[in-house]
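See below for the structure under consideration.
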Amino acid sequence: MRYYIKKVISLIMVLFLIMLLTFIAFQVIPGDSALSRLGVDAEPEAVEALRESLGLNKSLPERFFSFLSGAVRGDFGNSYQYGKPVGELLSARLSVTVWLAVLSIFMIIAVSVPLGLVCSRKEGGVADRIITMVTQTLMAVPAFFLGIVITLIFGLVLEWFAPGAYIAPGEDFGGFLRYMIFPAVAIAVPKIAMTVKFLKTSVLRELKLDYVRTARSKGNSERAVLWRHVLKNALIPVITFMGMVIADVLAGSIVVEKVFNLPGIGRLLITAISNRDYPVVEAGVVYIGSVVLIVNFIVDLLYQKVDPRVRIK
Amino acid sequence: MEKEKHLLELCNVSVGFPQKGKKMNPVTRGVSFYVREGEALGIVGESGSGKSVSMLACVGLLGGGGRVLEGNIRFLNGEDYIILNTMTQKELEAVRGDDIAMIFQEPMTSLNPVMTIGRQVEEMLLLHGDCPKEERKKRVLAMLSEVGLPDPQEIYGKYPHQLSGGMRQRAMIAMAMILRPKLLIADEPTTALDVTIQAKILELLKKFQKEYGTTIILISHDLGVIRSVCSRAVVMCGGKVVEQGDVGTLFEQPQMDYTKRLLAAALGKGSVLKKEPAVCRGEAIVCVRDYSVFYEEKLDGKKRKREVVKKVSFDLCAGETVGVVGESGCGKSTLAKALAGLNPLTSGSADISCENPQMVFQDPYGSLNPAKTIGWLMTEPLRLHHVGTKEEQRAAVCEMLEKVGLGREYYGRCPKTLSGGQRQRVAIAMAIMLKRPFLLLDEPVSALDVTVQEQILILLVKLQKEFGLTYLFISHDMNVIHRICDRVFVMYQGEIVESGDVDEVFRNPVHPYTKKLLGARL
Amino acid sequence: MKQGRGQSNTKNWNMVIGIALVSVVLLFVVVGLFWTPYEPTAMSAALKNKPPSLLHPFGTDYMGRDILSRVMDGAGRTFLISIVTVAIGLTAGVLVGAFTGYYGGIVDEILMRLNDTLTSFPSILLAIVFVSLIGTGEYNIIAVLGVVFIPSFARVVRSEYIVQKELDYVRNARLLGAGNLRIMFVHILPNTRPILLSTITIGLNNAILAEAGMSYLSLGVQPPNASLGSMLSEAQTYLLSAPWFALAPGLMIVFTVLGFSMISENIGKKNG
């Protein structure tokens, strides 16, 4: 129990740290945002009025706490560009990014675990060599180039989907999913390649350990050795690896959303950066940062659930 | 009279592993021996002699592409023999665990770390025969208590890392013995354990042999272990059987040179290398008083100092060799490292009459920087202390290389091209480059084979005479201590429990722990 | 358990193919530094979106610029950015990693906590945050990626130092009287070379991918200068009418990354 409390406290502390850094990065370092929005030639009265309305006249700690309490409630103020509350903008785009991530993570797990096991069962066999070659090549393909190739082949040549013609889930959920499959594949394929390789290395490392010999000496068949003894041990490092993959999937979605013209959080973030729309950037960073941290937190808990050696009384 | 039954026979067996390319590289050649039903057979040999490989070949567990190249391995199954080396893996799976069970050296790594002890033992019942569920648990618990594990109910649900080394090995034995196999192959079962626990595990094996008539094949490099359990033994070296016979005859009247050498090393019958005993005259070169050494430990997040060496006091005279003997964890290495100045957490006083005393470490593979050449490494002490010009340094290093029996052609070579013995020579040479009169030797020959051990010991004696060195010689091996030291300290749990002239201590040990250590020898 | 017979052969082939790929790419880049068939930014209304031909082996883009010249120029820019980035990350990472790993203690703990948090974030996300603060452009992207790569290098070096400092050869050096700095940089550092080599090749790959990604998002190299990423971004609009426009820079990235990963794989295997 104490272990969990410790973990939760450290999670909260890091989240707090992220808020603080974001605040410093976007509200302290850039200087006077009222002045920069209105330009240096603006009337001093107008600048003063904007300062007042943005709450820039208060002291830094005060401003940080109002930022913090807003962030906790999901209120990051209004977007400079759209004039709308940032929370609204984000929640409208949330479902796209979440679906994209969920679909690709599902694909990664569903495809890479069986492939990894096939490879490690017969190292140096035909299946292993082909899979190894293909995965090595696919790992070198950046997700956005893969997305472009997919658009070219499946969108323009085969016409399985209309590139750029995103279908909102409210309109036609089936159509939405059908469209989302393609960007999800673009994100998933390089990660599948990485995961297969990682899993294979992990299984092969385990197969060399003494306990596998013991398991064989008990009369286990090769299949039983792999499934009953090796798999659980080999998956332990893969759990940590998957945490990293999930974080990468989120990052990959930023780029892939642009390729497939998806109105997700990544697109919003990039547009906001080019327009210096700081409230939106802040919110995007805090949002993605929190998700990454929470995923890592879950991975940690899972890890200590699966591996009795890290279990703490 | 009925022909005596051999449970397992190896006939002219050669085992090979694939080398680069396609050729099979034989590691054992024409190995033949047998084991009678119900007897305990020992297989003796140094690492790499092919003793483990021969037994793994019997059950088809060679791994790494290894296989039996020629010969037959026959196993008595009921009335008839089955040929193990021609059986398919599927057929062997039925034999493994059920008829032939195995236990291995390192019980920590040999047990599945994420499976409870209970489930690992129970798996044997699942794999062979069909035992109902309630019955299974009952049998596992009974077996756990039979191997002497306290509170089987609790152990059942524990993971390997929660048990001590001895308990893990007991659990391994429970797993191997639960089906009452005809043959138990024990591969160095006690090597990783302390002397006291060793004896108990061996007792357990003997008990099973007597009670259930289990045939045992015990693989060990330790002749003492073989003698305490086995009635017959096979001596292996370089992939071949050198000699075999009853333990009594074999150990009393060995025929082959190799066996004699092994026995000599084990019995401490090797000649005493130190001819003239050192005479203490004048002042002590090392003077240690109430010396304690601590380790910082983290327990439940709190830092604590643990006293590893507890208030030891002794003097060393110039030119003598003093042994410190004890089991791993008794604090002898910690003492040496602290005296060399590698551990600042000490109390009491240690006056050493020279600055930075040098030390030779146990593992010659770790003590030489793999990124540098031998010449660079040996010049380093001279460079650091600004001794001589570049040319003089080079000349001094070459001279020292000759002195330790390597020759100047080793100057430009890398440590990884050297054998263990050669590396240890370099390590010794590095340690005496600065000509400090006091040298700490931390298990300097423990990682080496018997023959190489001998050469290094001779070198140490020669160098001591030539340079007038004083040695503090740390070892767990009573025989080595006996051959090279003038005096000995016996360490137990951080304290010196007995000290005195080597011959005297070996002849009339006073402390019960010394007696136990000496008793564990042949 | 069975080892494939051809295994040692495939390993060598990996290295050969890897080196071949990287050499071809390097040839492109080095030649591109001094000479390109056409001026990379020279436009021509008459040559818009022309498919590959003898005069323009990779075709031309929507402004009539020669794609081969732009790929050579862009690959060079991508390469230089990546190399400088890795150099910054490596130098700072080795220093931070060596000191924290060797000395340990409270500074190490704090830095590594921070490091763990940073490395758990995808590097492109961190880079985006920094870019949003200091702005886009070639030099900014070098600074940003260089800083972003420090933690991963520091982590590798640190863990290597933690292992190495406990080895007997380090104890031996200390007994001989070597000082801490000498032990750190003369005795231990050469032993981290194998792991550094493979980390550098992996780092180069990550830098190339990150730079391409950033430029694709128009956060990196700015037009009219070419970079592999920004070319892909422009090419996307003309995907149907001029697919060669996207394939040339894309395949260039794939070959480079594949080449480096094959080499680093082999280095990794050689060191066990």
Side-chain angles (χ1 to χ4, degrees), chain A residues 10 14 17-18 21-22 25-26 29-30 122-125 128-129 132-133 136-137 139-149 151-152 155-157 163 207-208 212 222 243-244 247-252 254-255 258-259 266 269-270 272-274 276 278 281 284-285 288-289 292-293 295-296, chain C residues 1-7 10 14 18 21 113-114 116-117 119-136 205 208-210 212-214 216-219 228-229 232-233 235-236 239-241 243 246-247 249-251 253-262 265:
Chain A
S10 89
V14 182
L17 198 72
I18 288 201
L21 288 176
T22 317
F26 295 103
I29 295 174
K122 272 217 168 135
E123 198 200 2
D128 172 38
R129 275 203 244 168
T132 308
M133 231 162 66
Q136 191 159 32
T137 315
M139 258 189 290
V141 184
F144 59 94
F145 180 55
L146 191 62
I148 290 174
V149 173
T151 311
L152 181 62
L156 299 174
V157 179
L207 277 174
K208 290 197 181 82
V212 175
E222 275 310 295
M244 276 157 54
D248 272 359
V249 163
L250 281 172
I254 297 176
V255 189
K258 186 186 167 187
V259 181
L269 189 62
I270 300 302
I273 288 173
S274 339
R276 308 214 163 231
Y278 286 136
V281 180
V285 170
I288 298 183
V292 169
L293 284 177
V295 165
N296 278 325
Chain C
M1 269 323 272
K2 268 179 212 147
Q3 272 172 343
R5 277 197 212 133
Q7 249 222 326
T10 34
N14 252 347
L21 282 174
R113 231 359 114 65
L114 190 72
D116 281 346
T117 318
T119 39
S120 70
F121 286 97
S123 48
I124 195 157
L125 182 70
L126 289 174
I128 286 174
V129 172
F130 284 128
V131 164
S132 69
L133 289 172
I134 66 171
T136 56
N205 269 350
I208 290 168
L209 288 174
M214 298 291 284
Y216 175 77
L217 293 172
S218 346
L219 298 175
L228 298 178
L232 275 172
S233 157
Q236 215 191 326
L239 207 49
L240 190 57
S241 51
L247 288 182
L251 289 178
I253 298 177
V254 174
F255 287 153
T256 317
V257 174
L258 184 60
F260 277 125
S261 76
M262 280 174 145
E265 180 105 328

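On a predicted model such as this, the values are computed, not experimentally measured, just so you know.
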Residue [X] versus chain C: region with a heavy atom under 4.5 Å:
X         : value
Leu293(A) : side chain
Ile270(A) : side chain
Val255(A) : both
Ile18(A)  : side chain
Val157(A) : neither
Asn296(A) : side chain
Val141(A) : both

Counting heavy-atom pairs under 4.5 Å with chain C, which one of [options] comes out on top?
options                                    : result
Thr137(A), Thr151(A), Ile148(A), Asp248(A) : Ile148(A)
Val281(A), Val149(A), Val14(A), Ile288(A)  : Ile288(A)
Ile254(A), Val259(A), Leu250(A)            : Val259(A)

Most contact-rich option vs chain A, by heavy-atom pairs under 4.5 angstrom, among Val257(C), Thr256(C), Ile134(C), Leu219(C), is Val257(C)
Which of the residues Ile253(C), Leu232(C), Leu247(C) is involved in the greatest number of heavy-atom pairs with chain A at under 4.5 angstrom?
Leu232(C)
What part of [X] is in contact with chain A, defined as an atom under 4.5 angstrom from a non-hydrogen atom: side chain, backbone, both or neither?
X         : value
Ile124(C) : side chain
Ile208(C) : neither
Met262(C) : both
Ala235(C) : neither

Measure across [X] and [Y] and return the closest heavy-atom pair with its distance rounded to 0.1 Å.
X         : Y         : result
Leu156(A) : Pro163(A) : CD2-CG, 3.8 Å
Thr136(C) : Ser218(C) : CG2-O, 4.0 Å
Ser261(C) : Asn205(C) : N-ND2, 3.5 Å
Lys258(A) : Tyr216(C) : NZ-O, 2.8 Å
Ala246(C) : Pro249(C) : O-CD, 3.4 Å

So, taking the atom named CG in Leu269(A) and the one named CG in Leu217(C), what distance separates them when rounded to the nearest 0.5 Å?
9.5 Å
Are Leu258(C) and Met139(A) close enough, and set up right, to give a side chain to side chain contact (heavy atoms under 4.5 Å, CB included), and what steps lead you there?
CA-CA 8 Å; Leu258(C) 184 60; Met139(A) 258 189 290; over 6 Å; no
